[in-house]
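Reading through the structure tokens given below for one structure.
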Amino acid sequence: MSDPAFGERFRVRPGERLRLADHDPAYKGRHTDKEEAREETAHYARRLRELQYLLYAEGRHGLLICLQALDAGGKDGTIRHVLGYMNPQGCRVQAFKVPTPEEAAHDFLWRAHRATPGRGEVVIFNRSHYEDVLVVRVHEWVPKRVWKGRYARINEFEALLAENGTRILKFFLHISPEEQLRRFERRLEDPRKQWKISEADYAERPYWDAYQAAYEEALTRCSTKQAPWYVIPADHKWFRNLAVSKIVVDHLEALDMRLPEPRVDLDEIRRKYHQVAKADPE
Ligand code: ATP
Ligand code: MG
């Protein structure tokens, strides 16, 4: 079921100007509903687990997955889904909140750099260094010339990581404003989700267009060959999960990973520790 053409549909091509209006957040391709997609989704989940085991065993590559979305865009659900299938040994989630005083005292990439995966590791960024050209730009917390310069810094940073063996995949979970409001409403009525409600989420809604413009520029300038951005239709949670896991699986398959050769002489180990015991049961 490996199908690299699938991801191409959502990839932002370097040099191409992204227009989010051209991307339907409710897209579901040839799929009809969650039930119909269940088997394929389960296949990718299993494959993800196997590939992560190989990545860990081989220790040649790291994998960095950046997730960005507006509030209620589904970052948490995607993490639960994608990471839920991996072995916690070798996987980590890093959330990016309002910078702490220590983080704010450094350059904007400092906290991102120290959280990147080592070889053999998978790290998911829940929000990322892109917040510094998104929320920071929308609210004009730094002058324009400062955030404008950051696109180039981000590309250099990601090129450095890629050169060092880190695979980078970046996903923008694209929802419609109507779907966002529906999700807020559901939270309001679901006692298990009410704790998630924050007035700050509603306060960002008037900035919807400014966020779309900020995302368009960030994804246009920073989707590169070695660190591509994908615009994932995310109004349907099941399609979002399917798409993200499928794209991650296709990238990992392309790494052509192998289990390392044993570092010892297996015959000698068998002879030394197993046959002797068998030959002499008393
Ligand atoms: P959830 O609401 O699903 O729990 P979240 O990622 O929205 O997850 P919050 O604690 O609600 O987490 O919000 C974190 C906030 O920190 C976001 O509003 C985000 O825009 C903000 N933030 C992240 N990075 C920066 C930054 N570099 N500068 C300023 N604000 C930032
Ligand atoms: Mg939030």
Side-chain angles (χ1 to χ4, degrees), residues 25 64-84 92-116 123-155 157-158 170-175 177 179-219 221-222 229 232 234-235 237 240-241 244:
L64 174 62
I65 297 174
C66 295
L67 286 184
Q68 286 287 161
L70 295 181
D71 294 299
K75 292 183 275 91
D76 290 359
T78 308
I79 291 170
R80 258 198 318 278
H81 183 85
V82 175
L83 210 77
R92 184 155 49 84
V93 180
Q94 179 68 46
F96 288 80
K97 307 273 183 181
V98 176
T100 63
E102 190 190 20
E103 289 168 350
H106 289 80
D107 70 85
F108 80 102
L109 290 169
W110 180 75
R111 65 177 181 163
H113 203 166
R114 63 212 292 261
T116 53
V123 173
I124 301 192
F125 280 4
N126 181 354
R127 301 187 187 272
S128 66
H129 44 297
Y130 282 89
E131 289 293 319
D132 287 281
V133 290
L134 295 167
V135 68
V136 170
R137 161 183 164 156
V138 167
H139 293 290
E140 300 175 35
W141 286 331
V142 298
K144 184 171 182 181
R145 70 179 159 72
V146 174
W147 60 256
K148 276 273 179 198
R150 287 179 174 169
Y151 301 113
R153 300 292 88 74
I154 289 175
N155 287 337
F157 167 60
E158 293 178 357
K170 301 174 292 192
F171 298 101
F172 170 54
L173 310 178
H174 182 38
I175 56 167
E179 176 63 17
Q180 186 192 51
L181 199 58
R182 271 196 295 275
R183 290 184 186 183
F184 285 174
E185 272 161 14
R186 254 178 260 140
R187 282 183 187 177
L188 212 51
E189 303 316 323
D190 181 348
R192 277 175 50 79
K193 291 192 174 165
Q194 285 162 349
W195 67 273
K196 280 194 172 199
I197 299 170
S198 112
E199 217 170 329
D201 294 353
Y202 291 90
E204 291 302 291
R205 274 178 66 80
Y207 297 98
W208 188 275
D209 291 342
Y211 271 108
Q212 301 292 301
Y215 270 106
E216 283 179 344
E217 183 159 4
L219 273 57
R221 290 186 184 273
C222 301
W229 266 109
I232 302 295
D235 274 6
K237 295 174 180 174
R240 170 202 79 203
N241 290 340
V244 172

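Counting starts at 1 for both ligands and their atoms, following the listed order. Side-chain atoms are counted along with the backbone in the values below, which use heavy atoms only and exclude waters and symmetry mates. Since the model is a prediction, treat every value here as computed from it, not as a measurement.
- Ranking protein heavy atoms by distance to atom 3 (O) of ligand 1, first place goes to D76 OD2, 3.6 Å.
- For atom 22 (N) of ligand 1, the nearest protein heavy atom is under 4.0 Å away.
- For the pair R150 and F108, the cation-pi criterion (under 6.0 Å, within 45° of the ring axis) is fulfilled.
- For the pair A72 and Q180, the tightest heavy-atom approach, listed with the atom from each and the gap, is CB-CG, 4.4 Å.
- Atoms of ligand 1 lying under 4.0 Å from any heavy atom of V136, numbered from 1 in the order shown and given with element: 28 (N).
- Nearest protein heavy-atom contact of atom 30 (N) of ligand 1 is V135 CG1, 3.7 Å.
- Heavy-atom neighbours of Q194 CD from other residues, nucleotides or ligands within 6.0 Å: above the threshold of 12.
- Note: no N/O pair closer than 3.5 Å links W141 and ligand 1 by distance alone.
- Taking a cut-off of under 4.0 Å to the non-hydrogen atoms of E131, the atoms of ligand 1 that pass are 19 (C), 20 (O), 22 (N), 23 (C), 24 (N), 25 (C).
- Inspection of the H139 and E204 side chains reveals an N or O donor paired with an N or O acceptor under 3.5 Å.
- Among D71, I79, V98, the residue whose heavy atom lies closest to atom 16 (O) of ligand 1 is V98.
- Taking the charged nitrogens against the carboxylate oxygens, E179 and R182 do have a contact shorter than 4.0 Å, which makes a salt bridge.
- Closest heavy-atom approach to atom 7 (O) of ligand 1 within the set K196, R127, E204, R111: this belongs to R127.
- Close approach to D132 involves these atoms of ligand 1, each under 4.0 Å from a residue heavy atom: 27 (N).
- No more than 12 heavy-atom neighbours from other residues, nucleotides or ligands sit within 6.0 angstrom of OH on Y207.
- For atom 11 (O) of ligand 1, the nearest protein heavy atom lies 4.0 Å or farther away.
- Below 3.5 Å of separation, one finds an N or O of K97 facing an N or O of ligand 1.
- Classification of the F157-H113 ring pair by plane angle, with boundaries at 30° and 60°, yields perpendicular.
- Nearest non-hydrogen protein atom to atom 28 (N) of ligand 1 is P99 CD, 3.4 Å.
- Contacts of D201 with ligand 1, taken as heavy-atom pairs under 4.0 Å, are absent altogether.
- Using a 4.0 Å cut-off between charged nitrogen and carboxylate oxygen, R153 and D107 do not count as a salt-bridge pair.
- Using a cut-off of 4.0 Å between Lys/Arg side-chain N and Asp/Glu carboxylate O, D76 and K237 are scored as not salt-bridged.
- Nearest-residue assignment for atom 8 (O) of ligand 1 (options H129, K75, E103, H139; heavy-atom criterion): K75.
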